[in-house]
Amino acid sequence: MISFTLNGKKQQVDADPAMPLLWALRDLLGLTGTKFGCGIAQCGACTVHLDGQAVRSCALPVSAISGKAITTIEGLNSDLGEALKAAWKAHNVPQCGYCQAGQLMNASAMLANNPNPSDAQIDANMQGNICRCGTYPRIKAALHDVIAQQPAEG
Amino acid sequence: MTTKIENVSRRNFLKNSAIGAGSLVLATGLPGFNLAMAAFPSPIEGAGVLNLFVAIEADNRVRIVCHRSEMGQGIRTGIPQVLADELDVDWSMVDVVQGFANPGYGSQNTDGSRSIRRFFTTMRQMGASARMMLEQAAAEKWGVPVDQVRGKQGYVHHVSSDRKLSYGELASAAAKLTPPQTDSLVLKPASEFTLIGKGLAPVDIDDMLDGSAVYGQDVQLEGMLYASIERCPVVGQKVKSHDKAGAMKVNGVRDVMVMPEQPDAPAFHPLNGVAVLADNTWSALQGRKALKVEWSDSLHQQHDSANYMSTLVERVGQPGKVIRTRGDVKGAFDGADAVVKATYQVPYLVHAQMEPPAATAVVSEKHCEIWACTQTPQSTQQNVAQALGLQPEQVKVNVTLLGGGFGRKSKPDFSVEAALLARHTGKPVKVVWSREDDIQHGYYHAASAQRFEAAVNKDGSVVGWLQRTAFPSISWTFTGTVDEPQDGELSLGFGDVPFAVNAMQCESQKAEGHVRIGWMRSVSNIQHAFAQGAFVDEMAAATGKTPHAMWHALLGEDRIVDPTAEGFGYGNYGDPADVYPIDIARMKRVLDEVVKQSGADKSTGDNEGWGISVHRSFVSYVAVACKVRVEQGKVSVLELHSAIDCGTVVNPDRVRSQQEGSMLFGLSIALMGEISLEGGKVKQSNYHDYPVTRYHQSPMIKTYIIASDAPPGGVGEPGTPPVAASVVNAIYHASGRRIRTLPVNKTLSV
């Protein structure tokens, strides 16, 4: 039995310690907002936060989350998370929508760590999240809207 | 043919309702045909059902059925948007419900960029019919002539008093009325549209952003088993023997089943293989790793894609089967001052949509229910019924959202797998494809070679044109024997070449099938538009023209082109030539627009270049301008511009998003896409070795929509074909280097 915090609440899961967090979330806990895309940390669809950092849940064994805090798309309701979702809506970002949970989780961790990233930093951060529909131009526009709303650095 | 919209409930519509090519024919005929009718389920029921597509509740909520599959193109917004406009309701009153598989809707095969163009008129008729029934009900209630009432924004108003009744108050009375004859329906003039032409937000956007949207992979049923299938590495292999002992020892594994052996022609059958069923996906995947399977030999295990490509290149250098000819081709080439020749290659490609296929099934003796991310619910219904020995009406197909489709999910093989496993276990089963399964067991876009030759005179005029193509046919997938491109595929950007050259010939060459070949976004237009668009740029260089001028010279005078007049069995995307002709003026208009807007005719910085191309597909016209920089062996794509003329636009925001997406899809093909095989097995397995465009590679994108009141054309696919040519042309103008073999990353880093 592994104990951790899931979207702000205490959670236990009875899983093979080697099982990736992705499958524990989806199959055992019924949280299907975190998506399966590749299984080898190549596409970012399964991105969640582990103690506030973006991680690929398909490559993270549940044994590694004992005592830690996990946030999934279902729990992304910080001010920053809401600002990102509002910007995604303003630009009608999603097409099929499948990758967007991962895009939002990745973007929110990036901006929580650095509210004013450079374009090169955004490129480096966001290139791990594939969108096969090609919503990148709108993600870019939405991100820049949110960044513009952030307090400027010192 | 006159048609009549019947007020059909789930119990009484015609089983084999005729489906016209241009428009839907709903439950044609008389109610007396009830005996021949079968019951297919409908997601709208109750007192306020006005027709198969719309029901209005007493609380004024308007439920509109979307019978087509949502895979990112926005159809769950577009279809209801059209109906709601004619019904005349406020968009905030509308709830969209997803249609089950049901032949009464007409075709639900969501492919070919045809949802809007095939159903635009039908949806308008459905909305207008329902509105007129509400008006009739109000007139009867008030005892006034029907021409004195008018339905508008959810209310029927009496024009000469201030009386009004909400649609919700009228719906149950209206639902009892006989629907008006189709030819008596009064449709709005375009000037009165309130929703058509508006960039409404996708109806599922909130669910997509909070994780609550349900895709095929997300379906969970009580007591469900999760299945992962080890499939034959080479098409045609059968399970010779297997050892399940290791798999059964894995914690959570419940069962192992050998999939029923399938016929040699792959069609939509599951591939031969062995399934592991477990309590969760992880256990199923682990169990599968512990399986031991020995495979029989297959005819295709010598297939090597590099050798195969050499063969195709050799064949397109030889005379082929003439599919279209004009003028004295031999004379033109013999008498010309010079001949320009080039050969182009495009490898096998795979869809790699973000959501790997998944389907869930529950099977009892006389019923099956499927939940699947399918583009083709009716084909799913038929194929599942056939595999289980049931009738189609005994199979209910629920369509989830699709995490991308691009043609992969037009094939119902994964739903058949789920149905067979559910019957075997007696439990609900979800079949989960892994990314490796998706990349290695796809329905691939055909590998191809194209040969282009042009006879040119010293004055720069083009007097002869020859083009030859070779690629394995999709028909091979269904026959196992067809060994040459078919007219349907040659109709996609090859035999419909629109150029005004006096002597011109199109030929095809033989190509045997060795892997499952399928439709992928824009299908054979991919290779044909690449080769044609790249060759036009080569012609420009050879004749000293600008690419823009070369296109104009080849396109010639404004006119309608009819390939059938020159012997070709042209398909025109299944649409009539009089409604959707090949119109040179429209091709030139998008070309001129993209050049003007992008500045592709202007000079660039050092090591930069523009490339252009234009192509008609799915009866729409798209021109692309691409700007690249090539430095130290690396190409960076800086800008992609497109102009699209797709006739009447329902939702301009979704047209733009489809242009953005289809161009980035084309960019993946141009820069990086390649599936290769050795020993009949696919070498690539995941996104690390089948790369697709990523965030940092995505350039600035601009879309220009040509205003038009022509009938609606396709939108989901036409943006893809011109991209690859525009990219290699831009690379040439930036660096002087001609790339004729895709992907570009064989030559330059990307």
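Residue numbers begin at 1 in each chain, while the letters A, B, ... track the order of the sequences. Computation of the quantities below employed the complete heavy-atom set of this structure, encompassing side-chain atoms and omitting hydrogens, waters and symmetry-equivalent molecules. What you see is a predicted model, and the numbers here were worked out from it, not measured in a lab.
B/Glu717 and B/Ser522 form no side-chain donor-acceptor contact under 3.5 Å, judged by distance and modelled atom types alone. A donor atom on one side chain and an acceptor atom on the other are not found under 3.5 Å apart for B/Arg654 and B/Gln73. A donor-acceptor pair shorter than 3.5 Å can be found between the side chains of B/Thr693 and B/Ser668. Between the side chains of B/Asp438 and B/Gln353, a donor-acceptor pair is found at a separation under 3.5 Å. In summary, the side chains of A/Trp88 and A/Gln100 do present a donor paired with an acceptor at a separation below 3.5 Å, with no hydrogens or angles considered. At a cut-off of 3.5 Å, with distance as the only test, a side-chain donor of B/Arg68 or B/Ser115 sits close to an acceptor on the other residue. Judged purely by distance below 3.5 Å, without hydrogens or angles, the side chains of A/Asn114 and A/Gln121 pair a donor atom with an acceptor atom. In the model, A/His144 has a side-chain atom that pairs as donor or acceptor with a side-chain atom of A/Asp119 under 3.5 Å.
Both the backbone and the side chain of B/Met354 come within contact range of chain A, each with at least one heavy atom under 4.5 Å from a heavy atom of that chain. For chain B, the nearby part of A/Lys35 is the side chain; its heavy atoms alone come within less than 4.5 Å. With a threshold of 4.5 angstrom between heavy atoms, B/Leu285 approaches chain A through side-chain atoms but not through N, CA, C or O. With a 4.5 Å cut-off on non-hydrogen atoms, A/Leu104 touches chain B through its side chain but not through its backbone. Contacts between B/Arg656 and chain A at a heavy-atom distance below 4.5 Å involve backbone atoms as well as side-chain atoms. Interface residue B/Glu355: backbone and side-chain heavy atoms are both found under 4.5 Å from chain A. The contact between B/Glu436 and chain A is made entirely by side chain atoms (from C-beta outward), counting heavy-atom distances below 4.5 Å. Neither the backbone nor the side chain of B/Val214 comes within contact range of chain A, judged by heavy atoms closer than 4.5 Å. Proximity to chain B involves both the backbone and the side chain of A/Asn92, based on heavy atoms less than 4.5 angstrom apart. Proximity to chain A (any heavy atom under 4.5 Å) is restricted, for B/Ala213, to the backbone atoms N, CA, C and O. Contacts between B/Asp207 and chain A at a heavy-atom distance below 4.5 Å are absent for every atom of the residue. With a threshold of 4.5 angstrom between heavy atoms, A/Leu31 does not approach chain B through any atom at all. Using a 4.5 Å cut-off between heavy atoms, B/Ser212 does not touch chain A at all. B/Asp218 touches chain A through backbone and side chain together, each having a heavy atom under 4.5 Å away. Of the two parts of B/Leu401, neither the backbone nor the side chain holds a non-hydrogen atom closer than 4.5 Å to a non-hydrogen atom of chain A.
When the candidates B/Pro356, B/Pro699, B/Gly405 are compared by the number of heavy-atom contacts under 4.5 Å with chain A, B/Pro356 comes out ahead. With chain B as the partner, the residue from A/Met126, A/Arg138, A/Lys85 showing the most heavy-atom pairs under 4.5 Å is A/Arg138. Contact count against chain B (heavy-atom pairs under 4.5 Å) is highest for A/Gly37 among A/Cys131, A/Gly134, A/Cys133, A/Gly37. Listed options A/Gly39, A/Ala101, A/Cys99, A/Ala18 were ranked by heavy-atom pairs under 4.5 angstrom with chain B; first place goes to A/Ala18. By number of non-hydrogen pairs under 4.5 angstrom with chain A, the leading residue of B/Gly403, B/Ala201, B/Gly661, B/Ser657 is B/Ser657. Contact count against chain A (heavy-atom pairs under 4.5 Å) is highest for B/Asp653 among B/Asp204, B/Asp653, B/Asp279, B/Asp206. Considering only heavy-atom pairs separated by less than 4.5 Å from chain A, the leading option among B/Asp210, B/Asn686, B/Asn280 is B/Asn686. With chain A as partner, the option from B/His696, B/Gln658, B/Met208 having the largest number of non-hydrogen pairs under 4.5 angstrom is B/His696. Top candidate by heavy-atom pairs under 4.5 Å with chain B, chosen from A/Leu22, A/Ile122, A/Asn129, A/Thr135, is A/Ile122. Chain A forms more heavy-atom pairs under 4.5 Å with one residue of B/Met224, B/Glu70, B/His351, B/Gln697 than with any other, namely B/His351. The residue among A/Cys38, A/Pro137, A/Gly33 with the most heavy atom pairs within less than 4.5 Å of chain B is A/Cys38.
For the pair A/Arg132 and B/Phe665, the cation sits on the ring face: its NZ or CZ lies under 6.0 Å from the ring centre, inside 45° of the axis. Cation-pi geometry between B/Arg521 and B/Phe406 is not satisfied (NZ or CZ under 6.0 Å from the ring centre, within 45° of the ring normal).
Other residues, nucleotides and ligands place more than 12 heavy atoms under 6.0 Å from the CG atom of A/Asn113.
Ring centroids of B/Trp282 and B/Tyr226 are separated by 6.0 Å or more, keeping the two rings apart.
Using modelled atom types, no side-chain atom of B/Glu639 and backbone atom of B/Met700 make a donor-acceptor pair closer than 3.5 Å. Looking only at distances, a side-chain donor or acceptor of A/His49 sits under 3.5 Å from a matching main-chain atom of A/Met105.
Using a 4.5 Å heavy-atom cutoff, the side chains of B/Val624 and B/Met663 are in contact.
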